[in-house]
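Please read the structure below before turning to the comments.
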Amino acid sequence: MDRAQVEKISKALADETRLRIFEAISRTKRMNCGEIVSMRGVTPATVSHHLKILSEAGLIACRREGQFVYSEAVPETIEAYTRALSKIASGKKTSRRGFLSRAAKNASALVCSQFLPSALRASLFSQSAPPKTSPNNSVRPQLALTFDDPTLSLGSVVKWPEANSRLLKAISGKDVHGALFVCGMRVDDADGAKLLSAWDQAGHLICNHSYSHKFYGERTSYADFAADFMKNERVLAPYRNRTALFRYPFLKEGDTADKRDRFRALLKDRGYRVGHVTIDASDWYVSQRFVDRLAKQPNAAISAYRDYLIAHLLDRAAFYRQLTLDVLGHDIRHTLLMHFNPLNARVLPDVMNAFEAAGWQWIDASLAFEDPIFRSQPRTLPAGESLVWALAKETRRFENRLRYPGEDDVYEKPKMDALGL
């Protein structure tokens, strides 16, 4: 590989969005444009631009099958690129050192962390800051923040503008982006648009959580549930970071195989994937208890509820991570379910710090959802719960560790009662 080609590849991979598109294509073997748009939350025109640059650099090959054009990675290009950089890094020819300096500026440390051998990575970027995200086999478990149910009605404890500001500031403090799963009926007015715009402008994913938060069980037909899902698309349409991820209300995906499979087919037809939760929890119930206490004792301390919430979340994270390792034999990028509520608005910085102290690494939600595990479709009934729970249930090997529902107030109530919370 000549220097011109090395420099061309370096420039192609130096763009973070383009790098992640290439990484996703490499991991899934092949993807079409619609799948990339859904995954990354960018426009078709933007994806086409990035694919053109990757193709011209020889990193991907595009093949038409029927009405779709699929992109596939070309591993031979990366292998040749790695060998070329190895020769440059050896420093045997003085004339190459100037080029190495230019290449190092164009190829970020993130590029090398994803594709180059560790020895070469150290020789090229020994002075570079560590990459913002770690590969999937990172020693530190990785997780992303996902928030459900932004709302304008939080009671007297805190008003929505303050809650919104607090949550966004806490997430920004960790330099990551989350995913906001929006139930349209809670934000379907001018103030709701302001709330969502703040998340959109901060770069967070804006995702579909249905319009009316219907429980997809025996009392809700497929037709009603589908119509409610599509109604919510109107609410989300104005936002730049609108992403085709859908999260089922209550994490319930249907009580019959027919309802489950019909809605999955609808999601696929409309370019959606499921915005699965891997770490489920009952933060909503802890917040509800906190709000109930303040109604009776306005000066009640928040510290006990904060500490309980942190302990609860860390406990559930440890449970679901261990279950993941036992079911799959390897770790994944996790997504933590939290809610837009008064307690989280007050203590999210402490929650995030506690997870870091426990060894977890916060990552972007968009990166987490690129993990291939999120394309799984467990064949369980009733369908739903945490994705990890459902995968474990499907094997029939973990019945003694799985409760139904996976998380609910009935599990936390006796513990909080005993603590006087």
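The first residue of the sequence shown is numbered 1, and numbering continues consecutively from there. Both backbone and side-chain heavy atoms feed into the values below; hydrogens, waters and symmetry mates do not. Source: prediction; values computed, not measured.
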Before you tell me yes or no, could you show the steps for Tyr272 and Phe246 under ring pair (Phe, Tyr, Trp, His ring centres under 6.0 Å), namely the whole-Å CA-CA distance, both residues' side-chain angles and the distance that decides it to 0.1 Å?
CA-CA 7 Å; Tyr272 277 79; Phe246 176 75; 7.0 Å; no

Looking at every non-hydrogen atom in both residues, tell me the closest pair between [X] and [Y] and how far apart they are.
{"X": "Arg18", "Y": "Lys11", "answer": "NH2-O, 3.5 Å"}
{"X": "Ala198", "Y": "Asn164", "answer": "CB-ND2, 3.6 Å"}
{"X": "Asp331", "Y": "Pro141", "answer": "OD2-CB, 3.8 Å"}
{"X": "Gln5", "Y": "Ala57", "answer": "NE2-O, 2.8 Å"}
{"X": "Tyr411", "Y": "Gly406", "answer": "CE1-O, 3.8 Å"}
{"X": "Trp199", "Y": "Ile206", "answer": "CB-CD1, 3.9 Å"}

Calculate, to the nearest 0.5 Å, the distance between atoms [atom1] and [atom2] belonging to [X] and [Y] respectively.
{"X": "Leu145", "Y": "Leu167", "atom1": "CG", "atom2": "CG", "value": "9.5 Å"}
{"X": "Ser156", "Y": "Leu294", "atom1": "OG", "atom2": "CG", "value": "8.0 Å"}
{"X": "Lys159", "Y": "Leu154", "atom1": "NZ", "atom2": "CG", "value": "9.0 Å"}
{"X": "Lys8", "Y": "Leu13", "atom1": "NZ", "atom2": "CG", "value": "13.0 Å"}
{"X": "Ile60", "Y": "Glu72", "atom1": "CD1", "atom2": "CD", "value": "10.0 Å"}
{"X": "Leu59", "Y": "Ile9", "atom1": "CG", "atom2": "CD1", "value": "5.0 Å"}

Around Glu218, counting heavy atoms of other residues, nucleotides and ligands shown, do more than 12 lie under 6.0 Å from its CD?
no

Quick check against the 3.5 Å criterion: does [X] have a side-chain atom that pairs as donor or acceptor with the backbone of [Y]?
{"X": "Thr395", "Y": "Ala392", "value": "yes"}
{"X": "Lys259", "Y": "Thr220", "value": "yes"}
{"X": "Ser212", "Y": "Lys214", "value": "no"}
{"X": "Ser376", "Y": "Ile373", "value": "yes"}
{"X": "Asp409", "Y": "Tyr285", "value": "no"}
{"X": "Asp408", "Y": "Val410", "value": "no"}
{"X": "His177", "Y": "Ala365", "value": "no"}
{"X": "Ser386", "Y": "Asp280", "value": "no"}
{"X": "His312", "Y": "Ser282", "value": "yes"}
{"X": "Trp389", "Y": "Arg403", "value": "yes"}

[X] side chain near [Y] side chain, heavy-atom distance below 4.5 Å:
{"X": "Phe229", "Y": "Leu266", "answer": "yes"}
{"X": "Leu195", "Y": "Phe340", "answer": "yes"}
{"X": "Tyr248", "Y": "Phe263", "answer": "yes"}
{"X": "Met416", "Y": "Tyr308", "answer": "yes"}
{"X": "Ile302", "Y": "Leu343", "answer": "yes"}
{"X": "Thr324", "Y": "Thr278", "answer": "no"}
{"X": "Leu387", "Y": "Val277", "answer": "no"}
{"X": "Arg20", "Y": "Asp364", "answer": "yes"}

Using distance alone, with no hydrogens and no angle criterion, decide if Tyr320 and Glu407 have a side-chain donor and acceptor under 3.5 Å apart.
yes

Under a 4.0 Å threshold between the charged nitrogen and the carboxylate oxygen, would [Y] count as salt-bridged to [X]?
{"X": "Glu399", "Y": "Lys393", "value": "yes"}
{"X": "Arg234", "Y": "Asp188", "value": "yes"}
{"X": "Asp189", "Y": "Lys194", "value": "no"}
{"X": "Asp417", "Y": "Lys413", "value": "yes"}
{"X": "Glu233", "Y": "Arg270", "value": "yes"}
{"X": "Asp200", "Y": "Arg242", "value": "no"}
{"X": "Glu385", "Y": "Lys252", "value": "yes"}

One pair to check against ring pair (Phe, Tyr, Trp, His ring centres under 6.0 Å): Tyr216 and Phe250. What are the steps and the verdict?
CA-CA 9 Å; Tyr216 195 28; Phe250 309 102; over 10 Å; no

Just do the side-chain contact (heavy atoms from CB on, under 4.5 Å) check on His204 and Ile171 with the steps written out, would you?
CA-CA 10 Å; His204 303 290; Ile171 302 171; 3.6 Å; yes

What's the verdict on salt bridge (charged side-chain N to carboxylate O under 4.0 Å, His left out) for Lys174 and Glu356, showing C-alpha distance, side-chain angles and the deciding distance?
CA-CA 10 Å; Lys174 297 300 180 183; Glu356 288 182 330; 2.8 Å; yes

I want to check a possible cation-pi pair here: Arg401 against Phe398, using under 6.0 Å from ring centre and within 45° of the ring axis as the test.
no

Between Asp315 and Lys415, is the salt bridge (charged side-chain N to carboxylate O under 4.0 Å, His left out) condition met? List the steps.
CA-CA 13 Å; Asp315 173 74; Lys415 300 175 190 175; 5.3 Å; no

For side-chain contact (heavy atoms from CB on, under 4.5 Å), just list the numbers for Arg273 and Leu267, CA-CA rounded to whole Å, side-chain angles, deciding distance to a tenth of an Å, and then say yes or no.
CA-CA 6 Å; Arg273 292 190 293 121; Leu267 290 178; over 6 Å; no

Stepwise, does the side-chain contact (heavy atoms from CB on, under 4.5 Å) test hold for Tyr222 with Thr256?
CA-CA 10 Å; Tyr222 162 77; Thr256 69; over 6 Å; no

Among Asp283, Asn344, Thr151, whose side-chain hydrogen bond (donor to acceptor under 3.5 Å, both in side chains) with His339 holds?
Asp283

Evaluation steps, side-chain contact (heavy atoms from CB on, under 4.5 Å), between Phe355 and Leu336:
CA-CA 11 Å; Phe355 268 90; Leu336 173 65; 4.2 Å; yes

